[in-house]
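As the structure is a computational prediction, the values presented were derived from the model and not from experiment.
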Amino acid sequence: MRVSRKQMLNKNVCFERLLNHPLLMKNLKILFLLIPGFFFCQKYYEVGNTYWIYKSPDHYMLKTDNFLEAAEVGKKVLEKQDNIRFNSDEKILFSVARNVESPYNIIFSSFFPNRNLQKFGNEIYSDKLVQVFEKTFRDLGVEATITKEKVGIDSREFYLIKCDITSPLKYKNYFFFTEIDDQELQITTIFDNPQDEDLILRSVYESKFK
């Protein structure tokens, strides 16, 4: 049976409507997040009125399973600190890793309203975060050297807190934060070898803001 041009056009319109249906698109996004080993490529993230363009290192994959667990641990640590407020409305952007089974060589990012930055200012807030890291590692019996500095990523100034862990395990945790459109954007990186350190940091420093 031949299909008329009008029937073909009607089918195409129906198909386009189906593809653009909000519920279907939402379910597809969830499906992609649940596919093991789904590779992560360049993405645009909206932070306030600003777009952050980030591309993960080649062969890194989505790692969503332990992100919420790590965020919960971070929440409990911050809740014990005087004056620093934990943001319950934190929005997770992504978590990617070289190996989804490993706790090392990962990058994850989130943002939330900048209440702490408004309260303390960048310099005092960064000092308080250094104190949080120092106390946390000390309580865990972990030897670490912690420093902070200012760095530039595209046109934005970030504070960078470097945690160089030397015992009982050896790895590095670099924590970036900045203020964008009344939001605090955080990027956490963890790596245990020079090759992945170079790949991870290059991916962060080569990201763009529009």
Can you tell me how far the [atom1] atom of [X] sits from the [atom2] atom of [Y], to the nearest 0.5 Å?
X      : Y      : atom1 : atom2 : value
Ile165 : Ile146 : CD1   : CD1   : 7.5 Å
Asp196 : Leu201 : CG    : CG    : 10.5 Å
Phe191 : Asp198 : CZ    : CG    : 10.0 Å
Tyr104 : Asn193 : OH    : CG    : 12.0 Å
Leu185 : Phe158 : CG    : CZ    : 5.0 Å
Glu184 : Arg115 : CD    : CZ    : 11.0 Å

Q: Classify the ring geometry between Tyr174 and Phe176 as parallel (under 30°), tilted (30 to 60°) or perpendicular (over 60°).
A: perpendicular
Q: Start with the C-alpha gap between Lys210 and Asp154, add the side-chain angles, then the distance that decides, and say whether salt bridge (Lys or Arg N to Asp or Glu O under 4.0 Å) holds.
A: CA-CA 10 Å; Lys210 302 293 184 185; Asp154 197 25; 5.6 Å; no
Short side-chain to backbone donor-acceptor contact, [X] and [Y], under 3.5 Å:
X      : Y      : result
Asp181 : Thr50  : yes
Thr178 : Glu157 : yes
Asn105 : Asp192 : yes
Ser109 : Gln186 : yes

Q. Heavy atoms, side chains only, cut-off 4.5 Å: are Ile153 and Ser207 in contact?
A. yes
Q: Flag the pair Lys150 / Glu123 as yes when at least one side-chain heavy-atom distance between them is below 4.5 Å, and no otherwise.
A: yes
Q. Would Tyr54 and Ile107 satisfy side-chain contact (heavy atoms from CB on, under 4.5 Å), going step by step from the backbone distance to the final call?
A. CA-CA 11 Å; Tyr54 174 77; Ile107 313 108; 3.7 Å; yes
Closest approach of [X] and [Y], non-hydrogen atoms and distance?
X      : Y      : value
Lys55  : Ser203 : O-CB, 3.4 Å
Pro168 : Gly141 : CD-O, 4.2 Å
Val130 : Lys148 : CG2-CB, 4.2 Å

Q: Report yes or no: is the cationic atom of Lys43 (NZ for Lys, CZ for Arg) closer than 6.0 Å to the six-membered ring centre of Phe94, at no more than 45° off its axis?
A: no
(Q) Determine whether the aromatic ring centres of residues Phe111 and Tyr45 are separated by less than 6.0 angstrom. (A) no
Q) Aromatic ring centroids of Tyr125 and Phe177 under 6.0 Å? A) yes
